[in-house]
J.: 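I have a structure I would like to understand better, so I am pasting it below and will then ask my questions one at a time.
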Amino acid sequence: MSPYAKNFIQTHSLPLSVKENKFFSLKVFKKPFVLNVVLLSFILLLIIFQFILVNRMVVYSFKRNELEEEKRMLEQEKRNLELEIIKIKSTEGTKDSFKNFNLVQVEEIEYLKPISGTMAEK
């Protein structure tokens with residue numbers, strides 16, 4: 001192996017043991033109790049974070065369902081109001097058309113009397 005390759009491997013290779021790693025060479029992380037406490041606190045933070053996320057999702061879901069229900073109710077109310085408007089317009093249109101015919105109120109009702117012999121008898 002060339003001296004250049006040996007130098008490259010020595011400068012760029014990963015440490016083979018934990019003792020050579022600067023992060024784990026701290027005496028604090030060599031004690032199992034401290035490492036357990038750090039890991040446990042990290043796991044608890046993750047659990048709390050997950051709980052908060054799930055709680056937010058549930059709240060947003062309820063809000064979304066309420067808004068969808070309100071939307072359905074408003075759409076139904078809109079349809080009912082449109083039908084009422086159509087009924088009112090049709091009634092007003094009929095009244096206006098009767099006014100154009102110049103109709104008068106009937107005072108006495110007279111019925112036509114059939115001429116005998118023109119109707120079929122039993």
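Throughout, residue positions are numbered sequentially from 1 according to the sequence presented.
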J.: Please report the interatomic distance CZ(Phe49) to CG(Leu44), rounded to the nearest 0.5 Å.
T.: 15.0 Å
J.: Using only atom types and a distance under 3.5 Å, with no angle test, would you say the side chain of Ser41 pairs donor to acceptor with the backbone of Val37?
T.: yes
J.: Determine, for Glu69 against Arg72, whether the closest basic-nitrogen to carboxylate-oxygen distance falls under 4.0 angstrom.
T.: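 Looking at Glu69 and Arg72, the cut-off is met.
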J.: Please determine whether the number of non-hydrogen atoms from other residues, nucleotides or ligands lying under 6.0 Å from atom CD of Glu68 exceeds 12.
T.: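 Check passes, neighbour count above 12.
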J.: So do the side chains of Val59 and Arg56 get within less than 4.5 Å of each other, counting heavy atoms only?
T.: no
J.: Run the numbers on Lys71 and Leu67 for side-chain contact (heavy atoms from CB on, under 4.5 Å), then give the verdict.
T.: CA-CA 6 Å; Lys71 178 185 172 188; Leu67 289 174; over 6 Å; no
J.: Can you tell me how far the CG atom of Leu45 sits from the CG atom of Leu40, to the nearest 0.5 Å?
T.: 10.0 Å
J.: Please collect all side-chain hydrogen bond (donor to acceptor under 3.5 Å, both in side chains) contacts where either partner lies in residues 73-86, sequence neighbours excluded, each pair once.
T.: Gln76-Arg79, Gln76-Asn80
J.: What distance do Leu74 atom CG and Leu81 atom CG have between them, rounded to the nearest 0.5 Å?
T.: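 Rounded to the nearest 0.5 Å, the CG-CG separation comes out at 10.5 Å.
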J.: In Å and rounded to the nearest 0.5 Å, what is the CZ to OH distance from Arg64 to Tyr60?
T.: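 So the gap between those two atoms works out to 14.0 Å.
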